Amino acid sequence: MARRSPPMLRRFFCCAAKSASAAGAGAVAGGTKKKNIVFLGSPQVAAAVLETLLVASDSPDSAFQVVAVVTQPPAAKNRGRKLMPSAVAQLALDRGFPGDLIFTPERAGEEAFLSDLKEVRPELCITAAYGNILPQRFLDIPPYGTVNIHPSLLPLYRGAAPVQRALQEGVAETGVSLAYTVRALDAGPVIACERFDVDEYIKAPELLAILFNIGSKLLLHELPSILDGSAKEKAIPQDDSKATHAPKLNSDESWLSFNQEAKVLHNKVRAFAGWPGTRAKLQLMNQNGEPDVLEIKVISTKVCASCDKTGDGNEVLFSGSSLLIPCSGSSCLEVCIVACRLRT
């Protein structure tokens, strides 16, 4: 019988040569010089935004060109701990982007990086999940400013984990915003936003991908006004009094406490999917009648409409291939997919 336990700067690949178009040689669209854009981003969702920009910039009538990419430095990944480029850097390289125009500063305020950035003469910088704080010296460089794709309806969920914190709170609606970057965190004027209905089963990685996809399309729609300066006139200042914050997740938060209601735990599983995931401990009685602790990684859940508790109300039931775990308030969490590790 199972019982629940108590809650418990440098450049990248410099071997590549600068291409004339990428280095801002002045490709022409309809007789007008293309405007230089620098893209900043790191994870896979940002790589999808970069792909959208590169495809659009290849169009003969495009008003812009991507002249440089800025991303996080290579990081040790997988069991071999081999240094691997970010998803954005890999995408840029796969698309034939000049390796010496992929910048990977440790911090965006480094003098060498800022000098390199000025050399490519960016007129606009676009950020999407870059993961580095941008100092004022950076923000002063592009004349049309820096525009961020932020996956929330600002001023809600400012910070590093807007999608995860929104799911954790069980929101029925979220969205994506295009906003100018200022020194205060995610506090710049909003150019445009688009809303998105959230169902009760969608998880953070899927929702992130959807919102950045919507954001990239919204960006392309708004780029003409951003590049002619009119977006600054229409951008709406945020109401700081309505701001909420979305702090970065940490692994210590991953434990589930069944002293909470099942809906709260279900939302946390959705929010923490991907990283850091969610974990729980169950107590098993072995054949000798002694307790063993089973540590499970909870991957997928549902909220049960009803749960017939037995014994002292802490016993875990089995329903087909699922576990039914009693929670606070007479609620019950159906755990559909788990990974297990037994600790004696």
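Note that this is a predicted model, so its numbers are computed, not measured.
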Report task. Would you indicate whether the side-chain heavy atoms of Cys304 and Leu324 approach each other to under 4.5 Å? Result -> yes

Query raised in the report: Can any side-chain N or O of Gln72 pair as donor or acceptor with the backbone N or O of Gly131 at less than 3.5 Å?
Result: yes

Query raised in the report: Out of curiosity, Leu114 CG to Phe103 CZ, how far, rounded to the nearest 0.5 Å?
Result: 11.0 Å

Query raised in the report: Roughly how far, to the nearest 0.5 Å, is NZ of Lys302 from CG of Leu333?
Result: 11.5 Å

**Report entry** Test side-chain contact (heavy atoms from CB on, under 4.5 Å) applied to Val38 and Asn36, step by step
**Finding:** CA-CA 7 Å; Val38 169; Asn36 292 341; over 6 Å; no

Query raised in the report: So do Pro326 and Glu315 actually touch side chain to side chain, heavy atoms under 4.5 Å?
Result: no

Requested in this report: Would you mind reporting whether Ile299 and Val338 have side-chain heavy atoms less than 4.5 Å apart?
Outcome: no

Requested in this report: Check the surroundings of atom CG in Leu220: do more than 12 heavy atoms from other residues, nucleotides or ligands lie under 6.0 Å from it?
Outcome: yes

Query - From CA spacing to verdict: side-chain hydrogen bond (donor to acceptor under 3.5 Å, both in side chains), Thr71, Thr104 - result: CA-CA 5 Å; Thr71 188; Thr104 60; over 6 Å; no

**Report entry** Min side-chain heavy-atom separation Glu261-Cys327 under 4.5 Å
**Finding:** no

Report summary line: In short, salt bridge (charged side-chain N to carboxylate O under 4.0 Å, His left out) pairs touching residues 209-222 with sequence neighbours left out are Glu222-Lys234

Requested in this report: Kindly compute the distance separating CG (Leu101) from CG (Asp116), expressed to the nearest 0.5 Å.
Outcome: 9.0 Å

Query raised in the report: So, Asp240 and Arg158, do they make that salt bridge, N to O below 4.0 Å?
Result: yes

Report task. Could you tell me whether the side chain of Phe97 reaches within less than 4.5 Å of the side chain of Leu91, counting heavy atoms only? Result -> no

Report task. For residues 329-339, pull every pair meeting salt bridge (charged side-chain N to carboxylate O under 4.0 Å, His left out), keeping only residues two or more places apart or in separate chains. Result -> none

Requested in this report: Would you mind reporting whether Cys332 and Ile325 have side-chain heavy atoms less than 4.5 Å apart?
Outcome: no

**Report entry** From Leu50 atom CG to Ile37 atom CD1, the distance as rounded to the nearest 0.5 Å
**Finding:** 11.0 Å

Distance-only donor-acceptor pairs under 3.5 Å for side chains of residues 138-148, two or more places apart:
from   : atom 1 : to     : atom 2 : distance (Å)
Asp140 : OD1    : Gln136 : NE2    : 2.8
Tyr144 : OH     : Leu227 : O      : 3.3
Asn148 : OD1    : Thr127 : OG1    : 2.8

**Report entry** Within 6.0 angstrom of Leu185 CG, more than 12 heavy atoms from elsewhere
**Finding:** yes

Could you list the donor-acceptor pairs under 3.5 angstrom formed between side-chain atoms of residues 205-213 and any protein atom two or more places apart in sequence or on another chain?
none

Requested in this report: Answer yes if the side chains of Tyr157 and Gln164 hold a donor-acceptor pair under 3.5 Å, and no otherwise.
Outcome: no

**Report entry** Ser254 side chain to Thr278 side chain, donor-acceptor N/O pair below 3.5 angstrom
**Finding:** no

**Report entry** Basic-acidic side-chain contact under 4.0 Å: Arg195, Glu173
**Finding:** yes

Query raised in the report: Any side-chain heavy atom of Leu178 within less than 4.5 Å of one from Val190?
Result: no

Query raised in the report: Which pairs, with at least one residue in residues 87-98 and sequence neighbours excluded, count as a salt bridge (charged side-chain N to carboxylate O under 4.0 Å, His left out)?
Result: Glu51-Arg95, Asp58-Arg95

Got a list of side-chain donor-acceptor pairs under 3.5 Å for residues 266-277, not counting sequence neighbours?
from   : atom 1 : to     : atom 2 : distance (Å)
His266 : ND1    : Thr301 : O      : 3.2
His266 : ND1    : Thr301 : OG1    : 2.8
His266 : NE2    : Glu200 : O      : 2.8
Asn267 : OD1    : Arg270 : NH1    : 2.7
Asn267 : ND2    : Lys263 : O      : 3.3
Lys268 : NZ     : Glu253 : O      : 2.5
Lys268 : NZ     : Trp255 : O      : 3.0
Arg270 : NE     : Glu200 : O      : 3.1
Arg270 : NE     : Ile202 : O      : 3.0
Arg270 : NH2    : Asp199 : O      : 2.9

Query raised in the report: Looking at OG of Ser59 and CZ of Phe64, how far apart are the two atoms once the value is rounded to the nearest 0.5 Å?
Result: 9.0 Å

Report task. Answer whether the closest heavy-atom distance between the side chains of Ile191 and Tyr180 falls below 4.5 Å. Result -> yes

**Report entry** Same cluster (ILVMFWY, side-chain, under 4.5 Å), Leu54 and Ile149
**Finding:** yes

Query raised in the report: CG of Asp228 to CD of Glu233: how many Å apart, nearest 0.5 Å?
Result: 10.0 Å

Query raised in the report: Does Ser322 reach the main-chain N or O of Phe318 with its side chain, forming a donor-acceptor pair under 3.5 Å?
Result: no

